[in-house]
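Reviewing the structure listed below.
Throughout, a chain's letter reflects where its sequence line sits, starting with A, and its residues are numbered from 1. All values reported here derive from a predicted model rather than from experimental measurement.
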Amino acid sequence: MNHYVPMPQSFYEQPTLQLAQALLGCLLVKETEEGVASGYIVETEAYMGPADRAAHSFGNRRTKRTEIMFGKAGSVYTYTMHTHILVNVVSSDVGSPEAILIRAVEPFEGTSLMENRRPGRSRKEWTNGPGKLTKALGIQMNDYGHHFTASPLTICEGWEQDSFHISSGPRIGIENTGEARDYPWRYWVEGNSYLSKMRSPTT
DNA sequence: AGTGGGATAGCCT
DNA sequence: GGCTATCCCACTG
């Protein structure tokens with residue numbers, strides 16, 4: 001029985017851009033009363049804190065919502081966007097509000113649960129976007145403020161880091177944020193078929 | 001490309 | 001209490 005091994009605290013204490021890449025291939029695991037669902041992280045986006053116009057914490061904006069971004073690396077930052085919930089990994093030192101958005105995962109365990117939570121969708125459509133994967137895995141707003149080293153929401157060892165290639169490019173959904181829009185702070189597992197939709201090649 | 005959806009939080013009265 | 005923005009999604013055509 002090969003069981004889930006949560007990444008240690010030290011894993012989360014590497015620099016944000018490095019952590020955003022290190023998270024690729026890790027398993028995102030959510031336990032609920034219905035059972036366990038998990039998927040391999042295949043796409044992430046870094047948000048670089050006070051200097052990043054696209055980040056919620058731009059200009060050190062500190063509110064009830066962003067408060068956790070100022071907390072310990074490895075904390076869970078959930079956020080609602082209309083009907084959708086997005087999940088982020090807090091990074092950097094306490095007081096330095098940086099975070100990484102998990103944009104897509106590849107289903108692993110609990111696929112029948114995911115299917116029930118994403119009725120009528122093809123397998124690919126279960127988790128190939130930040131709002132979709134939270135629904136498929138059962139991630140809720142009450143996961144806010146927990147830590148990824150402890151149940152019910154954990155990040156665990158997954159694929160070997162040398163078993164895939166990492167690509168990077170501009171982030172998504174932040175068209176109106178000035179020069180920050182072009183920073184290549186989105187990372188993904190090259191060629192994976194569960195990535196979120198790629199937009200605007202615009203060469 | 002445009003747009004409706006309908007969940008928060010923040011910021012103003 | 002009302003307005004507005006938000007690190008999206010799915011549906012139109």
Presence of A:Arg121 side-chain N/O under 4.0 Å of C:dA10 phosphate oxygens OP1/OP2: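 Yes.
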Interatomic distance, A:Ile100 atom CD1 to A:Thr16 atom OG1 [nearest 0.5 angstrom]: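 One finds 5.5 Å between CD1 of A:Ile100 and OG1 of A:Thr16.
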Check every nucleotide of DNA chain B for an atom under 4.0 Å from a heavy-atom of chain A, then give the first and the last such nucleotide from 5' to 3'.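 So the contact region on DNA chain B extends B:dG5 to B:dG10.
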Side chains of A:Pro152 and A:Asp143: closer than 4.5 Å at any heavy-atom pair?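 Contact flag for A:Pro152/A:Asp143 side chains = yes.
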Tell me: [atom1] of [X] to [atom2] of [N], nearest whole Å?
| X | N | atom1 | atom2 | result |
| --- | --- | --- | --- | --- |
| A:Ile139 | C:dC8 | CD1 | P | 16 Å |
| A:Asn128 | C:dC8 | CG | P | 14 Å |
| A:Tyr79 | C:dT6 | OH | P | 8 Å |
| A:Leu101 | C:dC8 | CG | P | 8 Å |
| A:Lys135 | C:dA10 | NZ | C1' | 11 Å |
| A:Met81 | C:dA10 | CE | P | 13 Å |
| A:Glu125 | C:dC9 | CD | P | 10 Å |
| A:His82 | C:dT4 | NE2 | P | 14 Å |

For DNA chain C, list all stems, counting runs of three or more consecutive pairs where every pair is Watson-Crick or G-U wobble with both distances under 3.5 Å.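 So far as stems of 3 or more pairs are concerned, DNA chain C shows B:1-5 with C:8-12, B:7-12 with C:1-6.
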Which residue lies toward the 5' end of DNA chain B, A:Thr83 or A:Arg62, if each is placed at its nearest nucleotide?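 Nearest-nucleotide comparison on DNA chain B picks A:Thr83.
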Would you kindly compare A:His84 and A:Arg65 by the position of their nearest DNA chain B nucleotide and give the one closer to the 5′ end?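 Upstream on the strand: A:His84.
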Identify whether the distance between the nearest side-chain nitrogen and carboxylate oxygen of A:Glu45 and A:Arg103 falls below 4.0 Å.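 Looking at A:Arg103 together with A:Glu45, the answer is yes, because their closest N to O distance falls below 4.0 Å.
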Could you tell me how the ring of A:Tyr12 sits relative to the ring of A:His147: parallel (under 30°), tilted (30 to 60°) or perpendicular (over 60°)?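 Geometry flag for A:His147 against A:Tyr12: perpendicular rings.
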With no hydrogens and no angle check, do the side chains of [X] and [Y] hold a donor and an acceptor under 3.5 Å apart?
| X | Y | value |
| --- | --- | --- |
| A:Ser38 | A:Tyr4 | yes |
| A:Arg171 | A:Tyr183 | no |
| A:Arg186 | A:Ser196 | no |

Nearest-nucleotide pick for A:Leu86, side chain only, options being C:dA10, C:dC8, C:dT6: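 Selected nucleotide (nearest to the side chain): C:dC8.
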Work out which heavy atom in A:Glu115 is nearest to a heavy atom in A:Trp126; give both atom names and the distance.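 Scanning both residues completely, I find the closest heavy atoms to be CB-CZ2, 3.6 Å.
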In sequence, state the C-alpha distance, the side-chain angles, and the governing distance for A:Val42 and A:Leu195, and then conclude on side-chain contact (heavy atoms from CB on, under 4.5 Å). CA-CA 7 Å; A:Val42 295; A:Leu195 300 174; 3.9 Å; yes
